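Here is the structure we will look at, set down as structure tokens.
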Amino acid sequence: MNMEKALAEKLIDMAAAQLAYSYAPYSHFKVGAALLTREGKIYTGCNIENAAYTPTNCAERTAFFKAVSEGERSFRAICVVGGKDGILTEYAAPCGVCRQVMMEFCHPDEFQIILATGREHYETFTLRQLLPLGFGPDNLA
Ligand code: THU
């Protein structure tokens, strides 16, 4: 179901606000995310880098892990914004690992991924579009 513009704009604003907290001293690529539960609660996240590189956590996973660790299991949408030095010139699409984490908790045809460079420029994709033939919990049922 298509999301109303006001809610999409709220998620964009909240994701963009996270850029201030992004810890990206190595790539300088700042990312913010805002994750909407089916009940309407919003969990935010930023990317958190590490001197050993591989422990780096993307903004999307920060938001998901915050939410799941507080008991959430049911999600409607996530908005992601990002760019070098926090300047939003193009879409920051979720990496493969983050898409897989979404696959764990979200229905691929229903979960919406909003990529934005600003309030007036965004596009919405389903998880299925970004992760076709994804492997998820249903495959192990
Ligand atoms: N990053 C995210 O947080 N989310 C994305 O969608 C793409 C990549 C982060 C990881 C790393 O801190 C930086 O962006 C450069 O890869």
Side-chain angles (χ1 to χ4, degrees), residues 1-140:
M1 195 176 51
N2 250 348
M3 180 180 297
E4 61 275 33
K5 193 164 188 280
L7 182 52
E9 287 179 351
K10 184 176 183 184
L11 293 175
I12 293 166
D13 287 350
M14 290 184 76
Q18 283 294 303
L19 296 171
Y21 304 123
S22 163
Y23 178 74
Y26 306 106
S27 74
H28 304 285
F29 193 90
K30 298 183 179 203
V31 185
L35 174 63
L36 178 68
T37 70
R38 280 184 193 270
E39 287 185 337
K41 203 165 165 193
I42 298 170
Y43 290 83
T44 56
C46 64
N47 57 329
I48 304 167
E49 296 188 346
N50 190 280
Y53 291 6
T54 52
T56 293
N57 210 56
C58 292
E60 298 90 319
R61 275 177 289 141
T62 302
F64 264 92
F65 295 158
K66 281 170 68 179
V68 173
S69 71
E70 299 206 6
E72 302 288 354
R73 288 290 166 83
S74 187
F75 302 102
R76 181 174 168 197
I78 191 168
C79 174
V80 190
V81 301
K84 195 87 175 165
D85 299 319
I87 297 162
L88 308 181
T89 54
E90 51 194 59
Y91 295 151
C95 78
V97 172
C98 288
R99 294 177 202 205
Q100 187 63 37
V101 168
M102 294 172 196
M103 190 70 194
E104 188 65 29
F105 296 105
C106 308
H107 192 293
D109 294 312
E110 289 170 10
F111 188 67
Q112 310 272 307
I113 298 159
I114 302 166
L115 304 182
T117 52
R119 274 175 163 233
E120 296 307 322
H121 191 219
Y122 67 90
E123 277 176 69
T124 304
F125 303 85
T126 63
L127 178 56
R128 178 86 69 198
Q129 285 176 298
L130 298 194
L131 190 63
L133 291 175
F135 188 88
D138 287 351
N139 295 96
L140 298 178

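Please read these numbers as outputs of a predicted model, since none were measured by experiment. Note that ligands are numbered from 1 as they come in the structure, with each ligand's atoms numbered from 1 the same way.
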>> The criterion is salt bridge (Lys or Arg N to Asp or Glu O under 4.0 Å); which residues satisfy it with Glu123, sequence neighbours excluded?
In response: none
> Considering residues at least two apart in sequence or located in another chain, which fulfil the ring pair (Phe, Tyr, Trp, His ring centres under 6.0 Å) criterion with Tyr91?
Replying inline: His121
> Would you say Thr62's side chain and Cys46's backbone share a donor-acceptor pair under 3.5 angstrom?
Replying inline: yes
> Relative to the ring of Phe64, is the ring of Phe105 parallel (under 30°), tilted (30 to 60°) or perpendicular (over 60°)?
Replying inline: parallel
Only pairs under 3.5 Å count here: list side-chain donor-acceptor contacts from residues 129-139, not counting sequence neighbours, and write none if there are none.
{"residue": "Gln129", "atom": "OE1", "partner": "Thr126", "partner atom": "N", "Å": "2.8"}
{"residue": "Asn139", "atom": "OD1", "partner": "Gly136", "partner atom": "N", "Å": "2.8"}

> Can you name the closest pair of heavy atoms from Ala92 and Val81 and give their distance?
Replying inline: CB-C, 4.2 Å
>> Given a heavy-atom cut-off of 4.0 Å, could you list the residues near ligand 1 in chain and number order?
In response: Ser27, Phe29, Val31, Asn47, Glu49, Thr56, Cys58, Ala59, Glu60, Ala93, Pro94, Cys95
